[in-house]
Amino acid sequence: MLCGAALWASGALSRVQAQSSVIDTLYIFTATSGSDSNNLDGAFPECPLLLAGADLFGTAINGGTEGNGSVFAIRTNGLGFTNIHSFSAGDTNASGLYTNIDGANPFAGLVISGNTLFGTTASGGSAGSGTVFSVNTDGSGFTNLHNFPAISGSPFFANIDGANPLAGLVLLGNTLYGTAQNGGNAGNGTVFSLNTNGSGFSVLHSFSSGATNDALENYTNSDGAIPVAALILSGNTLFGMAEYGGTGASGTVFSINIDNHDFTNLYNFTANTYDPVLGLYLNSDGAYPISGLILSGNTLYGTAQNGGTNGTGTIFSLDTNDLVFTLLYAFSAPNYNAEQQDYTNTDGFFPVAPLLLSGGTLYGTAQDGGGADIGTVFSINTDGSDFTTLYNFSLGADNASGVYTNSDGALPVAGLILSGSTLFGTTAVGGNQGDGTVFALTLAAQPSLGIVLSGSDVTISWPASASAYVLQTTTDLAAGNWSDITSGITTVGANNVFTAATGGQAALFRLQQQ
């Protein structure tokens, strides 16, 4: 891990810093019981959290008083957990779909306007195809804003406006924008808009029909299919991703103008090859993206859950001007751990959550892999350098009921939010009840380098207590050939000190965690 770097040339100095982390489990969801798998608070939170003041708001897929999920709030210090809304009981209709009055199984995160939260449910509602809802932050005023209509069998999963929304919403003024993974003219999903009072529902784009590619046995089309990722809005342009379809059948990145509804397929993920031994899909850039995008300037950043050279997923960027795609990172190959009877690696695999950008650093989660095969939290610079595993979720075991439990949570499938130096997130399962957790990951500032120029000499100092770090140097950052400095280091008071005669040559120094 890069902790402190100092670049000097012709007397010019600069410094960058990175961080390591300590986790705190803020909340552990309680055990569910009964045939409906209900509890008082919710279970299996797979949503990114929403920070409003000192409160975190989120959703849980299951649990709650009827087992259909909940909307919850918790203070950032872990106190004051509140179940804002438990989704109601219902019945299975003639088509085998679960219907109720308000929706069921909220997979997505929330957006807020004033004291009102807006979200989606993947199922339930009057036709069993999901809903868009609003609820006040104190739990009052729940409103079912829109029921997605029933889907038909021809074409498969088709209807007028979409069905089964898995992603959160984007709010602009009084208009909500979102995606539905199914439904639409071809059954491949839609992009939609809706007024915050429930009026004015409109389909901005219905993903097109396609065909199965005989060579790949995958579905190809012109624009993508099954958009399960959340949208982002910049100006009058929405950006998103479709999990499948496109010319390579591995998914797409797209944009759509909210004014005239012009749709553009910005990028087709390349065709992949299935490796039956590994059980993974391999390609050069990633496959089957289900996370949302983030935008900085003209650059989109995102993850693909599969694909890459090892089949374990990728991190990428895409320039919205020239549409240049850059592979920033391919997650490493999994190794079978015979003792744990699972697959582990150093960095995690299957990144299914959107990234978070702070300064020049991207933060994210991988749902599997790491030292216990239950996920990691990571960081990486926007240029693809200095990937760091910030946290490995701890190894647990199945309890007497066959539920996986541990101390801190498992399978982080949701994106992170940052407040100060603390990342907040959720795990879908794990914790001592097996129903997931809310966690806080504190990014503690790491030891940095002090630099003083004296004539042609440079003196570098850093805390002597930083015994886990080694001083390194290079004369060519592009080459990436860092060398350990192991001699000539003295201790003066509380600091380590190293003096180098430069001879006027430019050099780089950094602290690297061992």
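Treat the numbers as computed from the prediction; the structure is a model and nothing was measured.
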Original post:
Just one of Asn306, Thr220, Asn272 clears the side-chain hydrogen bond (donor to acceptor under 3.5 Å, both in side chains) bar with Ser250, so which one?
Top reply: Asn272
**OP:** Sort out for me which residue in Thr264, Leu231, Leu238 forms a side chain to side chain contact (heavy atoms under 4.5 Å, CB included) with Phe254.
**Re:** Leu231
Original post:
Among Asp41, Asn62, Val403, Asn39, which residue meets the side chain to side chain contact (heavy atoms under 4.5 Å, CB included) test with Thr32?
Top reply: Asn39
Subject >> Distance (rounded to the nearest 0.5 Å) between Ile28 CD1 and Asn432 CG >> reply: 4.0 Å
Subject >> Candidates Thr131, Asn105, Asn68 - the one meeting side-chain hydrogen bond (donor to acceptor under 3.5 Å, both in side chains) with Ser123 >> reply: Asn105
Subject >> Pairwise side-chain contact, Thr76 with Thr422, heavy-atom cut-off 4.5 Å (strictly under) >> reply: no
Original post:
Is a side-chain donor or acceptor of Thr59 paired with a backbone partner of Ala108 at a separation under 3.5 angstrom?
Top reply: yes
Original post:
Looking only at heavy atoms, which two atoms of Ser208 and Asp223 are closest? And how far apart?
Top reply: OG-OD1, 2.7 Å
Original post:
Is the backbone N or O of Gly141 less than 3.5 Å from a side-chain atom of Thr143, with the two atoms forming a donor-acceptor pair by type?
Top reply: yes
Subject >> Distance-minimising heavy-atom pair for Pro351 and Ala304 >> reply: CG-O, 3.6 Å
Original post:
Are any side-chain N or O atoms of Asn310 and backbone N or O atoms of Phe331, one a donor and one an acceptor, separated by less than 3.5 Å?
Top reply: yes
Original post:
When you measure from the side chain of Asn38 to the backbone N and O of Thr65, does any donor-acceptor pair fall under 3.5 Å?
Top reply: yes
Original post:
So do the side chains of Tyr343 and Phe349 get within less than 4.5 Å of each other, counting heavy atoms only?
Top reply: yes
Original post:
When you check the side-chain N and O atoms of Thr99 and Asn93, is any donor under 3.5 Å from an acceptor?
Top reply: no
Subject >> Neighbour count >12 (heavy atoms, 6.0 Å) for atom CG, Asn298 >> reply: yes
Subject >> Pro106 versus Gly69, closest heavy-atom pair with distance >> reply: CD-CA, 4.0 Å
**OP:** Kindly compute the distance separating CZ (Phe424) from CG (Leu51), expressed to the nearest 0.5 Å.
**Re:** 7.0 Å
**OP:** Report the C-alpha separation of Phe29 and Phe81 in whole Å, then their side-chain angles, then the decisive distance to 0.1 Å, and conclude whether the ring-ring contact (aromatic ring centres under 6.0 Å, His included) test is met.
**Re:** CA-CA 10 Å; Phe29 288 85; Phe81 183 95; 5.7 Å; yes
Original post:
Considering only heavy atoms from C-beta outward, does the side chain of Tyr391 approach that of Asp408 to under 4.5 Å?
Top reply: yes
Subject >> Flag side-chain contact, heavy atom, 4.5 Å: Asn195 against Asn174 >> reply: no
**OP:** Show the numbers, then the answer: is there a side chain to side chain contact (heavy atoms under 4.5 Å, CB included) between Phe393 and Phe439?
**Re:** CA-CA 11 Å; Phe393 287 89; Phe439 66 85; 3.8 Å; yes
**OP:** Apply side chain to side chain contact (heavy atoms under 4.5 Å, CB included) to Leu56 and Ile417, showing your working.
**Re:** CA-CA 10 Å; Leu56 298 165; Ile417 59 173; 3.5 Å; yes
**OP:** Indicate the atoms forming the closest heavy-atom contact of Ala242 with Pro289, along with that distance.
**Re:** O-CG, 3.6 Å
Subject >> Side chain to side chain, Ile258 and Leu172, heavy atoms closer than 4.5 Å >> reply: yes
**OP:** List the steps and the verdict of ring-ring contact (aromatic ring centres under 6.0 Å, His included) for His146 and Phe148.
**Re:** CA-CA 6 Å; His146 183 74; Phe148 287 90; 4.9 Å; yes
Subject >> Nearest non-hydrogen partners of His261 and Val203, listed with the distance >> reply: ND1-O, 4.3 Å
Subject >> CG-OG distance between Leu171 and Ser113, expressed to the nearest 0.5 angstrom >> reply: 5.5 Å
Original post:
Is the closest side-chain heavy-atom distance between Phe118 and Val132 below 4.5 Å?
Top reply: no
Original post:
With distance as the sole criterion, is a donor-acceptor pair present between the side chains of Thr389 and Thr376 under 3.5 Å?
Top reply: no
Original post:
Is the Phe133-Phe87 ring centre distance short of 6.0 angstrom?
Top reply: yes
**OP:** Please assess Phe72 against Tyr27 for the test side chain to side chain contact (heavy atoms under 4.5 Å, CB included), listing each intermediate value before the final yes or no.
**Re:** CA-CA 11 Å; Phe72 64 84; Tyr27 189 78; over 6 Å; no
Original post:
Do any N or O atoms from the side chain of Tyr363 and from the backbone of Ser358 form a donor-acceptor pair under 3.5 angstrom?
Top reply: no
Subject >> Ala249 backbone acceptor or donor facing Asn218 side chain under 3.5 Å >> reply: no
Original post:
If you draw a 6.0 Å radius around CG in Leu40, do more than 12 non-hydrogen atoms from other residues or ligands fall strictly inside?
Top reply: no
Subject >> Expected output: side-chain Asn159 to main-chain Pro149 donor-acceptor under 3.5 Å >> reply: yes
Original post:
Quick one: do the Thr252 and Asn265 side chains pair a donor with an acceptor below 3.5 Å?
Top reply: no
Original post:
Short question: side chain of Asn268, backbone of Gly246 - any donor-acceptor pair under 3.5 Å?
Top reply: no
Original post:
Less than 4.5 Å apart, any side-chain heavy atom of Leu194 and any of Leu169?
Top reply: no
**OP:** Could you verify whether a donor N or O on one side chain and an acceptor N or O on the other, from Glu243 and Gln305, lie under 3.5 Å apart?
**Re:** yes
Original post:
Could you give the distance from CG (Asn164) to CG (Leu97), rounded to the nearest 0.5 Å?
Top reply: 8.0 Å
Subject >> Side chain Thr365, main chain Ala414, donor-acceptor under 3.5 Å >> reply: yes
Original post:
What about Phe207 and Tyr244, are their ring centers closer than 6.0 Å?
Top reply: no
Original post:
How close do Pro165 and Ser129 get, heavy atom to heavy atom, and via which atoms?
Top reply: CD-O, 3.7 Å
**OP:** Measure the spacing between CG of Asp368 and OG1 of Thr312 and express it to the nearest 0.5 Å.
**Re:** 10.5 Å
Subject >> Rounded distance (nearest 0.5 Å) linking atom CG of Asn147 with atom CD1 of Ile101 >> reply: 10.0 Å
Subject >> Exceeds 12 heavy-atom contacts within 6.0 angstrom, atom CD1 of Ile160 >> reply: no
Original post:
Taking the inter-plane angle between the rings of Phe269 and Phe325 on a 0 to 90° scale, is it parallel (under 30°), tilted (30 to 60°) or perpendicular (over 60°)?
Top reply: perpendicular
**OP:** Evaluate the side-chain proximity of Leu300 to Ile232: yes if any heavy-atom separation is below 4.5 Å, no if none is.
**Re:** yes
Original post:
Is the backbone of Gly384 close enough, under 3.5 Å, to the side chain of Asn381 for a donor and an acceptor to pair up by distance?
Top reply: no
**OP:** With side chain to side chain contact (heavy atoms under 4.5 Å, CB included) as the test, would you mind laying out the steps for Leu355 and Thr303 before giving the verdict?
**Re:** CA-CA 7 Å; Leu355 298 166; Thr303 63; 3.7 Å; yes
